[in-house]
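Worksheet for the structure shown next.
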Amino acid sequence: MSKGFPSYLLKRQKGASTGSARTVLGAILLATTTTAFAQSIVITGATLAIGDGSEPIKNGTVVISAGKVVAAGAGVAVPAGVKTIDAGGKWVTPGIMSGFSRVGLAEVPAVKETNDTSARSPFSAAIDVAPVINPLANPIAISRTAGITRAVVAPATGTNIFAGQGAVVDLGADMSPITKARAFQYVEMGEAGVQEAGGSRAAMILTFKMMLREAQDYAKAPASYDGRSRDALLNRVDAEALVPVVSGAMPLMVHAESARDILAVLALRQDFPALKLILAGATEGWMVAAQIAAAKVPVITAGLEDLPSSFEKLAATQSNVGRLVKAGVSVSMGMLTGDDALQLRAATQQAGNMVALLKVPGATGLSWGQALRTITSAPAEAMGLGDRIGSLKAGKAGDVVIWDGDPLEMTSAPVAVWIDGVQQPLENRQTKLRDRYATPTEGALPKAYEW
């Protein structure tokens, strides 16, 4: 598949309302190729955001070589002989990363034949989503068109509080989406976990502890572990899959929304001190922000959730993210309120809402740089990949997006996207349908429309 500049943007260029837009797009066309190889490029004249929490830089420069960021900032020297794109003041950011999703696991979530998010099977913790993520799924191309270049992909529970092992993926137009397989173990410890564990929180917590203890028993003596016993909660393959969790080698992402459930999760370290916890959801996290910060546990949450949609979210507030960050918690944002397989493109809107809250009396929001961090470097760090992806610091992956305006404004859109230094097509099923039917002519409709 060609990864050059997409044809639909050529049409967009012809209809651009300003000469500067045409100039920028023309420069991008001249400066890039149609090969699938990482390019050496320099982007100059940008309103540049590094993605590390700092504020945007005027007239910034980004240098990409061999798929990596070489330098980014103001006053960066432009190497000789490298193709250069004059951004003309347009915004340049790292690729956006969704901190939570199920992209690539479901094409149409309501159609079971296309949905691999959960399984009613004898296995739980051993389930690995990486082999079944579909890089050709339409939501991946749609998300890429919106500037999303990486995503955390989590399984959903089926018959157990443990759902299995999630992955970190890139959304490139190729057949190799996995950035990191078996990146974390996912477990439900809220209302959904209660239902899987017998109907009470007390039973859920006991089930969780007993499962981890069985994993410890397996680690001590794999040959003698009897996963077929009537008393065993884990079969052998699930027990083996939890060994990296109890040893701290694999992060444990725990979905918990209420303040009391969050405290119960943090208390698990009393019995299992090696646990490397990540909190997902945490709608009431603001109520126990000090405890989360003291435990140094990162949070992945939904952003602007200000109504109690369930009993475990009674204290929902639009200021949750702002208060957590103010308390010193590292916060990422992801799709935790539905459409987790489809609407990753809402990430920039989630972050933009946090900036808008600064103008709401009594609310607690984020600065622009802090908000961008929640969808770039923060989720990368939560996954233990902060040294590889998530920002435009030297040595990180060449995931770069050029935007036609402020990326945290809903009216802005990418004009070019690179993943690992490879320029990506900004074409998907939706753009093709838009272009086909924008100005239909008699006789040009497909056979299905003939009567």
Side-chain angles (χ1 to χ4, degrees), residues 1 97-146 148-193 195-196 211 234-235 237-238 240-242 244-245 250-255 278 280-281 300 302 334-347 379 383 419 428-430:
M1 178 182 291
M97 182 172 179
S98 175
F100 187 92
S101 80
R102 294 190 167 102
V103 72
L105 294 181
E107 183 82 19
V108 183
V111 178
K112 64 180 181 179
E113 290 82 3
T114 74
N115 193 330
D116 290 314
T117 58
S118 64
R120 308 295 294 184
S121 81
F123 305 106
S124 57
I127 292 172
D128 178 6
V129 302
V132 300
I133 291 172
N134 179 14
L136 299 180
N138 282 313
I140 285 185
I142 292 168
S143 299
R144 181 173 64 240
T145 303
I148 314 296
T149 60
R150 309 269 173 174
V152 176
V153 182
T157 55
T159 57
N160 196 303
I161 62 172
F162 283 99
Q165 301 165 95
V168 177
V169 303
D170 73 65
L171 275 59
D174 56 65
M175 296 303 292
S176 301
I178 306 302
T179 301
K180 185 177 182 180
R182 300 175 297 282
F184 59 94
Q185 178 70 230
Y186 185 76
V187 62
E188 285 282 355
M189 291 288 284
E191 291 177 357
Q195 297 307 310
E196 299 289 357
M211 285 181 167
L234 296 171
N235 57 39
V237 292
D238 289 332
E240 182 181 14
L242 286 178
V245 173
M250 177 184 287
L252 178 64
M253 184 184 292
V254 186
H255 183 208
I278 302 169
I300 302 172
M335 296 306 299
L336 282 137
T337 55
D339 285 334
D340 48 28
L342 306 178
Q343 298 296 341
L344 278 64
R345 57 186 173 178
M383 291 293 108
I419 298 176
N428 59 59
R429 178 180 174 85
Q430 292 180 350

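Side-chain contact check for Thr117 and Asn115: at least one donor-acceptor pair (N or O, by modelled atom type) lies under 3.5 Å.
Between the side chain of Thr149 and the backbone N or O of Ile419 there is no donor-acceptor pair closer than 3.5 Å. Looking only at distances, a side-chain donor or acceptor of Ser101 sits under 3.5 Å from a matching main-chain atom of Val152. Using a distance-only test at 3.5 Å, with no hydrogens or angles considered, no donor-acceptor pair links the side chain of Gln343 to the main chain of Met335. The backbone N or O of Arg429 sits nowhere less than 3.5 Å from a side-chain atom of Asn138 that would complete a donor-acceptor pair. Side chain of Gln165 to backbone of Gln185: no donor-acceptor contact under 3.5 angstrom is found. Judged purely by atom type and a 3.5 angstrom limit, Ser98 has no side-chain atom pairing as donor or acceptor with the backbone of Gly334.
When all heavy atoms of Asn235 and Pro122 are compared, the closest pair comes out as ND2-O, 3.1 Å. For Ser143 against Leu171, the heavy-atom pair with the smallest separation is CB-CD2, 3.5 Å.
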Exercise. Kindly determine whether Leu105 and Ile133 satisfy side chain to side chain contact (heavy atoms under 4.5 Å, CB included), including the steps that lead there.
Key: CA-CA 5 Å; Leu105 294 181; Ile133 291 172; 3.8 Å; yes
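Note on ring orientation: taking the six-membered ring where Trp is involved, the planes of Phe100 and Tyr186 are tilted (angle from 30° to 60°).
Under the rule for a salt bridge (Lys or Arg N to Asp or Glu O under 4.0 Å), the partners of Arg150 that lie at least two apart in sequence or sit in another chain are Asp399, Asp420. Asp128 pairs by the salt bridge (Lys or Arg N to Asp or Glu O under 4.0 Å) definition with Arg182, not counting sequence neighbours. Under the salt bridge (Lys or Arg N to Asp or Glu O under 4.0 Å) criterion, Asp238 pairs with no residue at all, not counting sequence neighbours.
The shortest distance between side-chain heavy atoms of Met211 and Ile161 falls below 4.5 Å. Residues Glu196 and Asn160 fail the side-chain proximity criterion, which asks for heavy atoms closer than 4.5 Å. Residues Met253 and Ile300 have side chains in contact (heavy-atom distance under 4.5 Å, counting atoms from C-beta outward).
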